[in-house]
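Working notes, beginning with the structure itself.
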Amino acid sequence: QVQLVESGGGSVQSGGSLRLSCAPSLYTYNPYCMAWFRQAPGKEREGVASWCSDGTTAYAWSVKDRFTISQDTAKNTLYLQMNTLKPEETGMYYCAKGIGRPSQETLLRAGSYSSWGQGTQVTVSS
């Protein structure tokens, strides 16, 4: 049984930074991937970044070079460091986890993940 809990959201000015955290309740012994998704009001959920236990990461083109996804294995916590935030990146950010290793083409698709957190709000003002 895994419960994902996100934290670290808040309000920031354009160009500012935030670090989101996601803490699952249990360590995973099988290959697995975790990811961050974002959903703005009235918009579809979109994949932001993924991290897999084989050490691979993937990023949406719009956040590459500004966001960094990482895992603290000692704390079993997933992080998303978001730098140089833009107003269009406002939305609810969700942490997700899936058992196994999806194909590279599906790492940022919501259907690849089976467990989700409740989300943490990120607001970027101009």
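Excluded from the calculations below are hydrogen atoms, water molecules and symmetry mates; all remaining heavy atoms, backbone and side chain alike, are included.
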Nearest 0.5 Å, please: how far is [atom2] in [Y] from [atom1] in [X]?
X: Arg38; Y: Met92; atom1: CZ; atom2: CE; answer: 12.0 Å
X: Met34; Y: Leu4; atom1: CE; atom2: CG; answer: 5.0 Å
X: Ser126; Y: Lys86; atom1: OG; atom2: NZ; answer: 14.0 Å
X: Leu80; Y: Arg19; atom1: CG; atom2: CZ; answer: 11.0 Å
X: Tyr93; Y: Leu18; atom1: OH; atom2: CG; answer: 9.0 Å

Using every non-hydrogen atom in the two residues, find where [X] and [Y] come nearest and quote the distance to one decimal.
X: Asn83; Y: Ser17; value: OD1-OG, 2.9 Å
X: Leu107; Y: Ala35; value: O-CB, 4.4 Å
X: Glu89; Y: Ser62; value: OE2-O, 4.2 Å
X: Met82; Y: Val122; value: CE-CG2, 4.0 Å
X: Trp51; Y: Thr57; value: CD1-CG2, 3.8 Å
X: Leu20; Y: Trp36; value: CB-CH2, 3.6 Å

For the pair [X] (side chain) and [Y] (backbone), establish whether a donor and an acceptor sit closer than 3.5 Å, ignoring hydrogens and angles.
X: Glu6; Y: Gln118; answer: yes
X: Arg66; Y: Thr84; answer: yes
X: Ser53; Y: Tyr32; answer: yes

Heavy-atom check, side chain of [X] versus side chain of [Y], under 4.5 Å:
X: Gln121; Y: Thr90; value: yes
X: Asn76; Y: Gln71; value: yes
X: Cys33; Y: Ser112; value: no
X: Thr68; Y: Tyr59; value: yes

**Asked** Taking a hydrophobic cluster as the set of Ile, Leu, Val, Met, Phe, Trp and Tyr residues connected by side-chain heavy atoms closer than 4.5 Å, whether directly or through intermediates, do Leu78 and Ile99 fall within one such cluster?
**Response**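 Result: yes, single cluster for both.
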**Prompt:** Is there a path from Phe67 to Tyr94 through hydrophobic residues (I, L, V, M, F, W, Y) whose side chains come within less than 4.5 Å of each other?
**Reply:** no
**Prompt:** Which class fits the ring pair Phe37 and Trp116: parallel under 30°, tilted 30 to 60°, perpendicular over 60°?
**Reply:**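 If you compare the ring of Phe37 with that of Trp116, the planes turn out tilted.
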**Request:** Any disulfide bond (SG atoms under 2.5 Å apart) involving residues 85-126? Give me the pairs, sequence neighbours left out, ordered by first then second residue.
**Result:**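 Residue pairs with at least one partner in residues 85-126: Cys22-Cys95.
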